[in-house]
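Okay, structure first, notes after.
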Amino acid sequence: MPLDLPSVQLGGIGPEITLTVTALVVLVADAIVGNRMWRWYLAAVASVGLVVAGALAIAAWNTSKLQLAGAIANDDFAVFVKVALAVFGILTVWVAREYVEHEAIEESEFYALVLLAVAGMMLMAAAADLIVMFLALETFSIALYVLVGSRRRSLEAQESAMKYFLLGAFSSAFFLLGIALAYGATGTTNLYSVSQGVASQGITGFLGSTPASDLGLLSLGAVLLIVGLGFKIAAVPFHMWTPDAYQGAPSPVTGFMAAATKIAAFAAILRLFDAILFPLRWDWRPLVIGIAIVTMIAGSVAAIVQEDVKRMLAYSSIAHAGFVLTGVIAANDQGVSGALFYLATYGLTVVGAFAVIAVLAGRDERRVRLTDYKGLFYDHPLLAGALTLFMLSLGGVPVTSGFIGKLLVFGAAVNAGYAWVSVIGVLASSVAMFFYLRVMVVMYMQEGDEARPASSVGSLAGGVIALCAAATVFFGLAWGPLFEVAQKATFFAGG
Amino acid sequence: MSGAVLLNIVIFVPLAGAILVGLMPKNRPELARLAALVVTVVTFVLSIALLVQFKTGEAGFQFVSHRRWIPQFGVGYTTGIDGISLWMVMLTTFLMPLGVLASWTITSRVKPYFAFLLALETGMLGVFSAIDMFLFYVFWEAVLIPMYFLIGMWGYERRIYAAMKFLLFTLVGSLLMLIAILALAFAARGPLTFDYRSLLSTPLSLSTQRLLFLGFFASFAVKVPLVPLHTWLPDAHTEAPTAGSVMLAGVLLKMGAYGLIRFAIPLFPDAAREFVPLMMALAIIGIVYGALVAIVQRDLKRLVAYSSVAHLGFIVLGIFVGTIQGMTGGILQMLNHGLSTGALFLLVGAIYDRRHTRQIAEFGGLARSIPILAGIFLFVLLSSIGLPGLNGFVGEFLILVGTFFRYRWWVVPAAFGIVLAAIYLLWAYQRVFQGEITREENRTLRDINLREVAMLAPVVALIVFIGVYPKPFLDRIEPSAARVVQTLRHTSVVSGSSSAARVP
Amino acid sequence: MTSVAPGFYLILAGLMFTIGVVGVLVRRNAIVIFMFVELMLNAVNLIFVTFARMHGTVDGQILVFFVLVVAAAEVTVGLAIILMIARRRNSADVDGLHLLKW
Amino acid sequence: MNLSVLIFGVMFIVALGASLAMLFSPNAVHVALFLVVAQVALALAFLLQGAYFVAAMQIIIYAGAIMVLFLFVIMLLGVDKREALIEPLRGQRQVAIGLGLLLAAEVSYSILRGIHLAGLGSGGSARLNAINQNPGNVKAIARLLFSRYLLPFEATSLLLVVAIVGVMMLARRIDAAASLFEPRVAESDTHIEQEREAV
Amino acid sequence: MTAGATLNGQCASCSHLTGGMEVSWFLNPGWLIAFPLFGALLLLFFGRRIGQRAGVFASGLLGLSFLVGLILFATQLSHEGQQRTAYVHMFDWITVGSFRVGADLTLDQLSIVMVLVVTGVGTLIHIYSIGYMEGDPRYPRFFCYLNLFAAFMLTLVLAGNLLLLYVGWEGVGLCSFLLIGFWFERAKASNAAKKAFLVNRVGDFAFLIGIFVLAKAASTLSIPLINAAATKGLLSQTQKLFGPGPYLPAGIATVAALLLFAGATGKSAQIPLYVWLPDAMEGPTPVSALIHAATMVTAGVYMVARMSPLFQAGSALTVVAWIGALTALWAALMASFEFDIKRVLAYSTISQLGYMFLANGVQGYSAAMFHLVTHAFFKALMFLGAGAVMHSLAGETDMRKMGGLRKAMPITGYTFLVGWLAISGIFPLAGFWSKDAILASAWHQGQYALWAIGVGTALLTAFYMSRLYFRVFEGPLLVPDEVEAHNGRVHDAPVTMAVALVPLALLSVVGGALNLPGSLILEHFLEPVVGRSEVPGGLTPWLLASTALVAGLAGIALAYLLYVRSDGRARRASLYGRLKVPIVAAANKFYVDELYGRAIVLPGKALANFSAYTLDARGIDGVVRGTGELIAGISERTRRVQSGYVRNYAATFLIGVVILISIVVVRLGAA
């Protein structure tokens, strides 16, 4: 019996391969060339790798297929997420360029880890098999554990890495248990054969006739999968790591986590729900609604007394996870596209925000408290303006992309008959607005106490901030095209 | 130039001006001031051209322009004005140069100040001219941000508190409206659209109407504001810089009333009808309560702020009584209140500029040292308490007579508000301007200067003009107002089956 | 070959998983905590193998293989992080680390 | 009662006992050793269920490699350190035990009920035995691993690369002044001070 | 203004009103208003430049108005009795839907009488003020207000619809406010001004509601149309006549009339809203004369006469009559124990206004108008006289500090003497005739009780006016200490003031000629507007007249006994001893101000304070801030959950897991 190898279409994982290779190139180049070259060359190489990966991902647009023995689904959904991830990766690399220098972080390894993390996240977005999803999750998680702790001079950074790691491993075990139970229920870990299995073996009918039966292994497994992914998106009550990790991590990494981890994990959640759980939607929706509500409220409420900007944005990211979940519970194409739009634009905004924070934080991230931002508008009007824009976008004020994202996810929920969840969502976001406004209060309405050491804004970081600001406005005004793309980015076999 | 193009120019000239001001050199504040003045005056002149082109006697939207914006989501850039919004646009463009003049005394951070002020104008004009509801919402919220900064950066002692309160209060309301807008758009049949005119004919079941009405109402009631959602107002008005107070009282509050007229009633007529008693009760509570609270205020600006609560109560009363007199009077009163309360804030600001206090107890006998300002204050005050022959009377009378035509007894407490208005304003006038001068600082104040004349004279002239000859105003308002009144009076043709069909 | 019902294996796995969970919560040494995480993974492995038997395929056994790899990778990085901190603070007690809070 | 049941019983007791012993041994080295015991017991369970290859892997990789790594680190940090068994965090232990018991009960209950509902019997054993006969356990695994699980297999390489790069980064010495063993006292102390003040 | 004037019969709101008189651009009642308005505006903007010429300027403009009034009067006289009405529609004012109100003027016999009084007496008082206000720093402003007042008063008088009447109504109130508070530095003056405005506002509130009632019931605010509708309503009760056009049912007419009358009690200082008028004496004396004696306060009387068909249509007139009569008596009582010379005159005014309402109430509209005119003469005269006294006595108003001034200032003294006799109803002065007409009307209507009150009031009137006169002008010379200290000689009224006093004195003497019982000129003139009032025939009128005269003489005699005779002081003491309680009460204005203070002002303030500082600041805003603080508090609590201990985090995680699993298990168990 010859070995029945699947047709190995490496194109299906082209972006991931490209990124891995680039990561290795960056490492090797640094080892060989060292500091003798143009200061930006590592960043340039990494960026090229990310651009190529993004381009390869785009090439798969509109070709939706399951590849590599059904292990990955290169549908438009995956493409959308992958492109977004590539963009976040590039922006992170750029923001980090100057940052790693003054924080004495090994540049090549930093980039390599970012690239590998993006690779893992891309794999996650496309994963059509639970085990692939698990491996991808672990891949980028491990990269992030290290990145979070990469500011090794700082005990906080180490602490946050430790906490993130321990809790991450803990939650992975639950996720894995979830996979095991799903496997037990269906005999496979493949999402699409799971769903086909559900259909073909008549289990659906069986479920339909006795609504309790799907409450067995599969729903227990599904709950644990939600737990594992909920940990990654920082849904309450699995969010406890978030403030600490966000606070301790280097600001560019925090931005990266907020943007990229979130979209990758949400991609998995959306795919999971789309593939396995939509047939069972009456089972899981109350749970997710509960999580969404708690998350929105807790994230918003907890943030308002924070004094550390990064920590505050960490809570804000928790709240945002709740908002996106509002789109998820709609469980329709509108919800999916809304969530995608939300995540993509939120990512751009939050990367920009953390870029500003990174620039202002200075050596050893000493100035990250809200009081350090006093009177910023008068010293750095452009930085303050950009940060204002990001805060407004996070708050969901019109003419920024954040508003459109909220509009779309809340709209989806309204359309799906969950207007009351949306109402809770908007109330929570009003609470959340308070702390975004606080940032503005500090920047504009209070005088700086002491002479602020002038922060030097590197051209790359400055470029990122400008780009993100421009994107925030652009997708707040001319959001039609991106929305259209997000609408098309539906699932291979979904619905 | 076609009116439609002109309208859009009017909307966006201030924004262009804001950018222009933002780009000016930092060390030349006078340039920024001048530019702001020129821009606002130009906007006003352009809006006069709109007024001239406006066809009197037509109820529908005029100067309508439509551009595709986000066709994927049914959003269009659609603007146009009718007899109701026309005057709101005019009020905005009229008050704006006055606000700029009043801001002449701003000396710190001049550039951003005027940039925000101009951006605010675009937002306000947009609110009044948007036909697409998405666009409306965008403008609606866009107004908040510049105002937030104006209060928070250039306000007085408790400015940050006030700015926060203002923004959060309004935001809660408007986000609820956003949900309602979305629900409405999704409820409509056919392709997704946010065009107000198409959504007007959306058949909705009564229960849906109720919920959506409340969603819109949440936003507008905060903005108006109706008691008990009013407590942001005294703080915001008191702490805002003069121009901010003028814009808040003059225009922003009108956005709430405008929203009720434009959206809440015509979109959900059955629910609106059902809520009429509640609305009227709230309005009357506002009239009496606002006046009562105003009587004992110790801060002059706060007193004027509370007077707005009472006045807006009148406006809401007029809007909901369901008679053409009430509605037209309400809309005219929106204009009147913008003028007279705007002028009162200008005056309080002028006095503050001289004495750097707003505490009534600090004043006394000012009519001696600044007789002309005192005279103008008295004049505006008389307009505010509805002295016949001045503008306030026309509006209030129409509202009350309109109310009486349908609801005989409601008019009694409402009309009593006029008595109360006289009490709080006259008492304040007495304490501030009459009696002996008790404090030395008050003895040597400069009287009105040329800038203040330029800023107050137009208001005074309009106050008289509207009071004596309101016909040009009423004639343009009436047809559009009549349509809204129609929807409030006649049962819409929604049948049980069609509404049931839409429920998922 | 065997007549012991798979349910017993699953119960064993469940109990071991729970012991792992409890261990993570009650122990203070980072390395020990991490070992309990490993115990949890091991318990899941047992579940995989048991389900493989129930389904009559070897898929579940392959999954165990992947879990092993993941565990290995986690262990390297995790121990590196723990070591990094432990060397600096001269202790692996996780309770000593609470600079970041609130 | 046949032999396999007996073996199962022994395995069950050893695995569970070792796990529990982990929970109660204050010394990290003991914990590690108990874990090794539990893993060996599990390997036995794998064998009992026809997972021969995996059982071998379990011994070799887990007990052999990973646990050695653990022990190595424990040694590096000092063997004789005993962990105080008092609980400084209020309520932590009660929560852990209470929830642990609840979790165990719930998971066991729902798994058992789940397999009952899903109609999963022991019929799979026969099929698995057949596979283990022909083509044999290792071959069957290999076939699947390089066909259906090709991508996960490839993905493990990515995972390992990440782990390597990560460890590389973490293991590097901090350049400049700060030494690994001499924490930047000034900075961290001020932070601690700040935190105290905040409390 | 007049450019918009059209011939009658062409306006929207009065298209079916046809008066006999045609108006052209120059023969237009609009000019009556235009002149003083123009003067007011000019003085407002250029007052400082005009300076001391302001007085002459303002007087001249009002004089022009008087001239126009005379011309119009002459024109009217050239028409037949029924053809003397002119309707002028100047422009549409408020037109919304079916509700249409224009700026309409009506000139008829009734209004021309008022016009002549307002412009005539007004001009005299303007002239008087030239001297009286000399040297005041705000001299031009004073004349600006006076002119403005005249303009509003003429608007009120000429208004063709109730809304325009309301414009004038509130406008004169405004001017009254401005002029009472003219010396605003004095706390008393500014308080009085505010009080006047607010009390009037209360009345106006009722008036406004009356307007609403009519706007709804009659669908018009045009005064002639409302009157027509009211008449039709009245007729329909008895004759079942339903002609074209609206008609007012008697019930609604009563309600509307009473509401309008409530407004009048404010403006014309009747019970219960009279309290502002005595305080209003804080204003400059010419103001008291013009506004608070001759013109503004009579607006209510005029309004009732103007709307007489409406008042007649229901049963409102009874209320009017009784309120009038009671006010007359009440105010006379208070006047009898007042020592402030101006306040005595103020109470007297209230009392006399009560007479006029009494007349209105018994359908003696022409009698009311008659008394209005004569009262304007003699009361203005007395106020101006009092002003002259104050002018020479450094502003002193306490009559206890005066005495024997007739010899020191003869012009003032003798003219005041005329006024005193006139108001006391002494034959043949003007007051005798007009008062007699009122009493006769009451008698003839069978309202004997009212008649009796009227006679009693006549006695009291004579008493307190005599008291005033005797104390101030007779007896030994007595001037306040300050005047002596300044060694100032008491001087008589200067020329500009005398110029006003003398004609008014003459008019007070001969004013009765307007309506002598034989000729009844005024009555016949007014008949087309207010209807004929039946005059008792035979011996009755003579008896009635004699009774009134006797009452007047008795009052004078009483005053003579108490204040002129040397034993007066002792008599007063014994009287005081016997009637202590009522006298103290009367001297304290029957504690009405205090009552209002306790019953309305204090609770109102308490309510306002409660609303502002408890309900609003603590209650509503407390909820708002409480919400914020609650959220912040929750936030502060929840941040503690984030303890920093990673094992706590794991525990939280586990809690979440267990909750979720429990939900599944519970549902599983339920299945």
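By convention in this document, chain letters (A, B, ...) are assigned in the order of the sequence lines, proteins followed by strands, and residues within each chain are numbered from 1. None of the values given here were measured: they were computed from a predicted structure. For the numbers below, each heavy atom of this structure counts, side chains included, while hydrogens, waters and symmetry mates do not.
Contact annotation for A/Tyr444: both backbone and side-chain heavy atoms come within less than 4.5 Å of a heavy atom of chain B. For B/Pro112, the part lying near chain A is the side chain, with the backbone staying farther off; criterion is any non-hydrogen pair under 4.5 Å. With a threshold of 4.5 angstrom between heavy atoms, B/Leu167 approaches chain A through side-chain atoms but not through N, CA, C or O. Neither the backbone nor the side chain of A/Ile424 comes within less than 4.5 Å of any heavy atom in chain B. Interface remark: B/Lys26 contributes side-chain atoms only to the contact with chain A (heavy atom separation under 4.5 Å). At a 4.5 Å heavy-atom cutoff, the contact between A/Ala478 and chain B is made by backbone atoms alone. Only the side chain of A/Leu427 comes within contact range of chain B, with at least one heavy atom under 4.5 Å from a heavy atom of that chain. Contact annotation for B/Ile145: only side-chain heavy atoms (C-beta onward) come within less than 4.5 Å of a heavy atom of chain A.
Per-residue heavy-atom pair counts under 4.5 Å with chain A were compared for B/Leu171, B/Ile181, B/Ile160, and the maximum is reached by B/Ile160. Chosen from B/Ala180, B/Gly152, B/Ala183, the residue pairing most often with chain A at heavy-atom distances under 4.5 Å is B/Gly152. Among B/Leu144, B/Val75, B/Val172, B/Leu211, the residue making the largest number of heavy-atom pairs under 4.5 Å with chain A is B/Val172. Put simply, of A/Leu407, A/Thr388, A/Val431, the one with the most heavy-atom pairs under 4.5 Å next to chain B is A/Leu407.
When atom types are taken as modelled, the side chain of B/Trp69 and the backbone of A/Leu477 share a donor-acceptor pair closer than 3.5 angstrom. Under a 3.5 Å cut-off, the side chain of B/Arg109 and the backbone N or O of A/Tyr378 do not form any donor-acceptor pair.
Smallest separation of non-hydrogen atoms from A/Phe434 and B/Met164: O-CE, 3.6 Å. The heavy-atom pair separating B/Ile179 from A/Ser422 by the smallest distance is CD1-CB, 3.4 Å. Among all heavy-atom pairs drawn from A/Gln487 and B/Gln72, the shortest one is OE1-CB, 4.2 Å.
A distance of 9.0 Å separates CG in B/Leu182 from CG in A/Asn415, rounded to the nearest 0.5 Å. Taking CD of A/Gln334 as the reference point, atom CG of B/Leu192 lies at 7.5 Å (rounded to 0.5 Å). For the atom pair OG of A/Ser429 and CG of B/Leu175, the computed distance is 4.5 Å after rounding to the nearest 0.5 Å.
Within a 6.0 Å sphere centred on CZ of B/Arg158, heavy atoms belonging to other residues, nucleotides or ligands number more than 12.
Relative ring orientation between A/Trp479 and B/Phe134 is described as tilted, the plane-to-plane angle lying within the 30° to 60° band.
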Under the ring pair (Phe, Tyr, Trp, His ring centres under 6.0 Å) rule, what do A/Phe403 and B/Trp140 come out as? Steps first, then yes or no, please. CA-CA 13 Å; A/Phe403 166 65; B/Trp140 176 269; over 10 Å; no
Between A/Leu392 and B/Tyr148, is a side-chain contact (heavy atoms from CB on, under 4.5 Å) present by the stated rule, with each step listed? CA-CA 12 Å; A/Leu392 291 176; B/Tyr148 172 73; over 6 Å; no
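A salt bridge does not link A/Lys406 with B/Glu141: none of the charged nitrogens is closer than 4.0 Å to a carboxylate oxygen.
Using a 4.5 Å cut-off on side-chain heavy atoms (C-beta onward), A/Leu408 and B/Phe73 make contact.
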